[in-house]
Each structure stands twice: as C-alpha cells, then as structure tokens.
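Report on the following structure.
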Amino acid sequence: MSNNKIIIDCDPGHDDAMAIFLALGNSNIELLAVTTVVGNQTLDKVTHNARAIMEFVSANDIPIAAGCSRPLVRTIQTAPEVHGTTGLDGTHLPEPKLPIDQRHAVDLIIDTLKSHPPKTITLVPIGGLTNIALAVRKAPEIVELVKEVVLMGGGYHTGNRTAVAEFNILIDPEAAHIVFNETWPITMIGLDLTHQARPDDQIMETIAALNTPVSDFVVESLNYYTAGYRRRNGYTDHAPVHDLCAVAYVIDPSIMETIKAPIDIELQGALTTGMTVTDFRHPAKADCHTQVATKLDNPKLWDMFIASLKQLAK
Ligand code: BDR
Ligand code: CA
C-alpha cells in the first residue's frame, strides 16, 4: 500500500481532471476521497464533473462529497472564460451514475482524517480553500492530524485573476487566510511554479499516440484549455496545467525546488486583495511552517503524467 494517502479538494476544471488522473494512475498515491468546492464553476457543475471523471476511469469506490456552494464572505466568482459553461467544455464524458457521498465535504474530510493514524494524510486543495477553512474551524484538532497541506494557489511574484492575486486564493481570500494561519505544514504551489508546467507539441503527440479513451479525453481537454489561454493572453505555447503540479509534488517532492518563507493573505488591499504575500527578506525561522515551490522539472512532470495515463488504460 502506498505511503502517500491524499484527499483532493477540487473544482473540475480541466487541470483538476489531470490532477485526478495523475493521482489515480500512480502507485505512490492512495486517493482516499475527492471533495468539491465552488470555483471554476458552480458547486453542482463541478461535483457532476468530479463524478464523471472518476467514473470514466472506473474509480468507483472512492467517496466523492460536495462541499461549499459559495465562499465564506464574498460573492461567487467562477471561471467560464477558462473552463467554459460546464467547467469541462470541449470534452464529452458520459453522464455519471456514481453516487455522491451523503456527507458534506467538510465532514468527509474530518471523518477521513480521524479514521487514519495521525500525520498520514496529505490534503491537496486545488480549488478555493472554503472547505478546508471550514473543516479546520469545525474540527481544529485536524491541524495535528494532517501530514501536510500541498495546495495549488497563489504565487509570490504574479497573479492571474488580478495583477497580484491567483484565482483559487482570490475567490475566497478569507478562507485562504484561515488555512495559511494554521500551523500545519503548507507547501504553496503557486503560479511561479505552475507556469513552468506546460506540455509542448511533442508531449501532446505522445499523449495522443496512447490512443485510449482517457488519452483522447486529455487531448480534447487540454486543446480546449490551451485555445482559451491563447485567445485571452496571446500565448503561443501550451497552457500551464496548474493543478497537476500539486499531486506531482506529493508523489515525488524532488520534482520541484522549494524555499521556506512566511506567507500571509492580503484581505483589504485596494489593488492587492487575495495576494499571497511572501516574505523573502530573511532566512526563514525554524518554526516557519510554509514553503513555496520555485522551480519545476517539467520533463519529469510529463513523464510521470504519461505513465499514469498508461496505467489508467490497463
Ligand atoms: C487555478 O484556477 C483554476 O481555474 C484552475 O483549476 C487552477 O486550480 C489556477 O489559477
Ligand atoms: Ca482547480
């Protein structure tokens, strides 16, 4: 059995789907639960997508629970310009039949943590942090139970939704503030890192050549996602597959370089709300519990992903 037990909290989303495939196809990961949160699309749509993705690769025994349908304080912001009106536009998954766990995502997260030995489960949030914040408010004792929080969100240099704020943090900055101010170890895999996580034409051809239902889905999905990035941002290369990086780090932390640094969330900026303010002024103190990812081994990421896709096709 794998050493890396994880819970993915997500808002699928094209890159969320890739992160789920990577986890399911890698023998170093045991995916214990998938929880959903409003983000790329409304809660009902991202939950439908999570069920469809899991059923598509026959992951029928892993609980999926729906979480928060709105942020803690702010109004809902979704990302149809990135992921379309369904959250997975450009793809064609069958209507899912997989049942939804009757618990709220927050309760599934807490129950899963409490039913395993302490510090054996990594939380992998790849959407807004609403569910994780509520879980730790409902059951503060989970801070000591979690092995690590490895999240996709933020960035110490630049934003995407605003000049300095990344989408997952911006949509619920109060939740992010709660999560970053708990003492659990946090690895922030932000835009500085994920903007390095781009396939190239050759990688896309290698995926297409697998010629399986899942590889066909990946190609359709990433082609749609990249077309949007190119249209909006004037990119000529492929779009960064952000969420994939968080799972890759859990599988093999040597895939990226990290630096310990204090991080806090801007809540009241006129221009900077949702910024993950990272303090690089001094070497981090011994009790610093946050680190940021800086440099990615991108070829290794895609080798890892393609290996998972092959495994899922068996
Ligand atoms: C993040 O925002 C979402 O659109 C993606 O799924 C990813 O989690 C990137 O900023
Ligand atoms: Ca996401």
Side-chain angles (χ1 to χ4, degrees), residues 6-23 34-43 45-50 53 64 66-68 71 76-91 105 123-132 149-173 175-176 179 187-198 218 221-222 224-229 231-233 235 238-249 265 274-276 292-293 296 301:
I6 68 169
I7 299 172
I8 293 184
D9 186 67
C10 60
D11 58 343
H14 296 85
D15 55 333
D16 301 77
M18 305 307 138
I20 290 171
F21 292 152
L22 177 59
V34 171
T35 53
T36 59
V37 63
V38 64
N40 287 324
Q41 261 303 345
T42 55
L43 182 70
K45 290 183 183 178
V46 299
T47 305
H48 173 278
N49 293 345
I53 291 161
I64 304 169
C68 295
I76 296 174
Q77 296 183 59
T78 57
E81 73 287 4
V82 184
H83 301 275
T85 54
T86 63
L88 277 181
D89 275 16
T91 70
L123 297 183
V124 184
I126 54 176
L129 289 164
T130 321
N131 289 341
I132 310 300
V149 180
V150 176
L151 63 91
M152 191 282 131
Y156 52 81
H157 176 62
T158 187
N160 55 6
R161 195 66 174 218
T162 72
V164 293
E166 182 278 333
F167 180 76
N168 289 343
I169 306 296
L170 183 72
I171 59 174
D172 198 343
V179 171
T187 299
M188 180 177 94
I189 299 179
L191 297 174
D192 321 275
L193 188 291
T194 65
H195 279 167
Q196 301 163 49
R198 300 164 187 269
V218 168
S221 176
L222 293 185
Y224 175 90
Y225 179 68
T226 282
Y229 260 78
R231 215 174 33 245
R232 285 189 312 280
N233 305 331
Y235 286 5
H238 290 262
V241 186
H242 309 278
D243 294 341
L244 191 58
C245 302
V247 174
Y249 177 77
I265 310 298
M275 183 176 181
T276 43
V292 294
L296 175 70
L301 175 74

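First listed ligand is number 1; within each ligand, the first listed atom is number 1. Numbers here simply count residues along the sequence, with the first being 1.
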> Hey, what do you get for CG (N49) to OG1 (T91), rounding to the nearest 0.5 Å?
Replying inline: 7.0 Å

> If you round to the nearest 0.5 Å, how far is NE2 of H242 from CG of D16?
Replying inline: 10.0 Å

> At a 4.0 angstrom heavy-atom cut-off, what protein residues surround ligand 1?
Replying inline: D15, D16, N40, H83, I126, M152, N160, E166, F167, N168, H242, D243

>> For the CG atom of L170 and the CD1 atom of I265, what is their distance to the nearest 0.5 Å?
In response: 11.0 Å

> Rounded to the nearest 0.5 Å, how far apart are CZ of R161 and CG of L191?
Replying inline: 12.5 Å

> Residues two or more places apart in sequence or in another chain: which of them pass side chain to side chain contact (heavy atoms under 4.5 Å, CB included) with P71?
Replying inline: V38, I76, D172

> Among all residues two or more places apart in sequence or in another chain, which pass the ring pair (Phe, Tyr, Trp, His ring centres under 6.0 Å) test with Y229?
Replying inline: Y225, Y235

> Hey, what do you get for CG (L301) to CE (M18), rounding to the nearest 0.5 Å?
Replying inline: 12.0 Å

> Which heavy atom in S221 sits nearest to a heavy atom in H14, and how many Å separate them?
Replying inline: OG-CD2, 3.0 Å

> Can you tell me how far CG of D11 sits from CG of D243, rounded to the nearest 0.5 angstrom?
Replying inline: 7.0 Å

> When you check the space around the Ca ion (ligand 2), which protein N, O or S atoms turn up under 3.0 Å?
Replying inline: D11 OD1, D16 OD1, D16 OD2, I126 O, D243 OD2

